[in-house]
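Quick caveat: nothing in here was measured; it's all calculated off a predicted structure.
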Amino acid sequence: MLIDFFYTLRAAKLPVSVREYLTLLEALQANVVGPASEACSIDDFYHLARTVMVKDEKHFDKFDKAFGAYFKGVEMLTDFTKEVPLDWLEKILQKELTPEQKAAIEKMGWDELMETLKKRLEEQKERHEGGNKWIGKGGTSPFGNGGHNPQGIRIGGKGGNKSAVKVWEQRAYKDYDDQQELGTRNIKVALRRLRRFAREGSHDELDLDGTIRKTAANAGYLDIMMRPERHNNVKVLLLMDVGGTMDDHIARVEEMFSAVKAEFKHLDFYYFHNCVYDFMWKNNKRRYAEKFPTWDILRKYNKDYKLIFIGDATMSPYEILQKGGSVEYNNEEAGAEWLQRLTHTFPKFAWINPEPQGVWQYRQSISIIQQLMSNRMYPLTLKGLEDAMRMLSK
């Protein structure tokens with residue numbers, strides 16, 4: 001069982017030989033570090049192995065690193081001058097709750113949640129961790145991060161349960177890459193179901209049938225005929241959810257974004273986060289400086305545009321139905337109002353969801369979006385895209 005340990009020491013450039021290895025085995029058989037009936041601790045074995053295997057103290061550091069690499073975390077047992085890793089402490093705070101315990105945690109209503117947060121901010125004077133009331137890390141409090149609560153406000157940290165109804169932090173998103181090419185070929189084939197070709201522009205395409213007819217009419221003298229190239233004349237307005245839970249789907253959304261840009265000549269796009277509200281943006285780095293009012297977007301494009309949403313529809317229901325429900329700011333009108341305005345303005349619309357279709361039934365927000373989209377929600381799969389494009393082409 002210790003052969004791999006021996007080779008680990010050799011790989012670390014320690015001058016150990018088979019003789020030292022056999023001596024270590026003999027020491028274990030002789031119960032040097034404990035009775036045969038009891039297993040020695042990793043701490044005892046560390047000291048025995050170092051004594052037997054290392055002949056010069058200048059190699060102690062190499063031995064410690066090799067030992068730690070082979071027996072995960074052993075340096076914590078032997079060197080108490082090292083700091084305890086932060087992630088170890090954080091895992092302690094993340095309570096393992098049973099389904100029954102999770103179900104017993106009561107949700108606060110929107111108004112009660114906001115009023116309670118206001119009181120906590122006024123009352124709290126110190127840091128808290130692992131509790132069920134104050135703003136802190138871990139535990140079951142509805143305020144903070146790293147714990148479990150079916151409905152709360154995340155303050156700092158990284159989300160885990162995807163149940164926050166509001167997020168208190170400055171958030172930076174990255175634009176989707178429209179130059180992504182790998183994996184887009186099949187997506188392009190699916191998108192081609194949404195086509196309405198028209199000839200436009202200068203003569204830059206060979207008209208083979210016309211050339212044959214004209215040449216035959218000229219008694220065999222070649223007369224080349226040209227015609228305008230055919231282009232897909234469909235107009236597409238693409239609205240893409242970005243950031244938060246959408247980070248899990250960046251690669252596939254970038255593939256689709258690249259394919260859409262390649263297939264549709266008349267394309268315009270905007271970003272939103274979780275749900276559409278009173279403004280959208282085109283550049284995530286400047287999303288607060290360059291806002292595009294949703295009312296202006298509704299007026300700019302006519303009803304000939306096909307409206308395509310891309311988003312996982314995974315959020316708190318408040319973000320869709322509640323005034324001020326946005327996780328980032330106090331929106332004056334509910335997201336549902338804006339979604340209805342968009343779908344009424346553009347009769348041809350569809351929602352593409354990158355979340356696996358099998359989890360849709362377990363997400364309340366997805367069910368709400370499906371209803372607002374008149375059940376025109378399709379998975380981000382080749383079949384899903386084909387079904388969506390077929391519906392939009394009718």
Side-chain angles (χ1 to χ4, degrees), residues 110 114 164-178 234-247 249-250 253-254 256-257 260-261 264-353 365 368-374 376-377 392:
W110 177 264
M114 295 303 169
V165 300
K166 219 167 185 65
V167 177
W168 193 340
E169 66 176 355
Q170 183 75 15
R171 311 173 83 190
Y173 307 138
K174 181 181 178 182
D175 293 348
Y176 290 126
D177 185 359
D178 59 5
V234 169
K235 301 175 182 177
V236 174
L237 178 59
L238 184 65
L239 306 182
M240 296 180 287
D241 184 5
V242 65
T245 56
M246 283 297 291
D247 288 347
H249 310 294
I250 288 176
V253 174
E254 286 185 338
M256 180 167 177
F257 190 24
V260 170
K261 292 200 74 174
F264 301 113
K265 179 180 179 181
H266 302 287
L267 168 72
D268 214 340
F269 69 90
Y270 297 88
Y271 292 109
F272 66 93
H273 179 58
N274 284 359
C275 191
V276 176
Y277 300 109
D278 52 302
F279 70 91
M280 289 179 270
W281 58 93
K282 280 182 168 289
N283 186 317
N284 282 298
K285 290 183 179 179
R286 298 196 298 269
R287 65 192 178 109
Y288 292 109
E290 295 181 359
K291 300 178 181 179
F292 293 84
T294 307
W295 274 121
D296 290 352
I297 295 172
L298 288 165
R299 299 185 185 103
K300 180 178 180 180
Y301 305 96
N302 58 44
K303 64 180 182 180
D304 293 338
Y305 274 80
K306 316 289 187 181
L307 176 62
I308 301 177
F309 297 88
I310 302 179
D312 61 5
T314 298
M315 66 197 90
S316 163
Y318 289 129
E319 296 181 60
I320 309 169
L321 304 173
Q322 177 73 40
K323 174 184 175 181
S326 167
V327 296
E328 299 190 305
Y329 72 108
N330 289 319
N331 49 298
E332 295 184 357
E333 293 182 278
E337 296 290 333
W338 289 107
L339 291 176
Q340 289 178 337
R341 288 175 184 140
L342 285 162
T343 55
H344 290 162
T345 302
F346 306 102
K348 298 290 186 178
F349 60 88
W351 187 293
I352 309 298
N353 194 331
S365 59
I368 296 172
I369 295 292
Q370 279 184 298
Q371 294 177 23
L372 292 170
M373 293 291 113
S374 302
R376 299 185 194 178
M377 181 178 285
L392 290 172

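- Here the CG atom belonging to Leu298 is positioned 8.0 Å from the CZ atom belonging to Arg341, to the nearest 0.5 angstrom.
- Atom-to-atom distance recorded for Leu342:CG and Leu239:CG is 6.5 Å, nearest 0.5 angstrom.
- For the residue pair Thr245 / Asp312, a side-chain donor-acceptor distance below 3.5 Å is found, with atom types taken as modelled.
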TODO: Begin from the C-alpha positions of His273 and Asp241 and carry the test side-chain contact (heavy atoms from CB on, under 4.5 Å) through to its verdict.
DONE: CA-CA 5 Å; His273 179 58; Asp241 184 5; 3.9 Å; yes
Task: side-chain contact (heavy atoms from CB on, under 4.5 Å) evaluation trace for Phe349 with Tyr305 - done: CA-CA 9 Å; Phe349 60 88; Tyr305 274 80; over 6 Å; no
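- Atom CE in Met315 sits 10.0 Å away from atom CE in Met246 (nearest 0.5 Å).
- Contact of the Trp338 side chain with the Asp278 side chain is registered, since non-hydrogen atoms from C-beta on lie closer than 4.5 Å.
- Seen from the ring of Phe269, Lys282 counts as a face-on cation partner, given the 6.0 Å and 45° thresholds.
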- [ ] Apply side-chain contact (heavy atoms from CB on, under 4.5 Å) to Leu237 and Ile297, showing your working.
- [x] CA-CA 10 Å; Leu237 178 59; Ile297 295 172; 4.2 Å; yes
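- Atom-to-atom distance recorded for Leu267:CG and Leu238:CG is 6.0 Å, nearest 0.5 angstrom.
- The nearest pair of heavy atoms linking Leu321 to Ala334 is O-CB, 3.5 Å.
- A donor-acceptor pair under 3.5 Å links the side-chain atoms of Glu319 to the main chain of Ser316, judged by distance alone.
- At distances below 3.5 Å, not a single donor-acceptor pair connects side-chain atoms of Ser374 with backbone N or O atoms of Arg376.
- Residues Thr345 and Pro347 share a closest heavy-atom pair of O-CD, 3.4 Å.
- When atom types are taken as modelled, the side chain of Asn274 and the backbone of Ser326 share no donor-acceptor pair closer than 3.5 angstrom.
- Taken to the nearest 0.5 Å, the SG atom of Cys275 stands 8.0 Å off from the CG atom of Leu372.
- Closest non-hydrogen pair, Ile369 versus Met377, comes out as CG2-CE, 3.4 Å.
- Every residue meeting the side-chain hydrogen bond (donor to acceptor under 3.5 Å, both in side chains) condition with Tyr301, not counting sequence neighbours, appears here in chain and number order: Asp268, Tyr270.
- The shortest side-chain heavy-atom distance between Gln340 and Glu337 falls under the 4.5 Å cut-off.
- For Tyr329 and Phe279, the ring centers sit closer than 6.0 Å to each other.
- Distance CD1/Ile308 to CH2/Trp351: 13.0 Å, rounded to 0.5 Å.
- Counting heavy atoms from C-beta on, the side chains of Tyr271 and Arg287 never come closer than 4.5 Å.
- Residues Leu392 and Val236 fail the side-chain proximity criterion, which asks for heavy atoms closer than 4.5 Å.
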- [ ] Any chance you could lay out the side-chain contact (heavy atoms from CB on, under 4.5 Å) test for Met373 and Phe309, step after step, and finish with the verdict?
- [x] CA-CA 10 Å; Met373 293 291 113; Phe309 297 88; 3.9 Å; yes
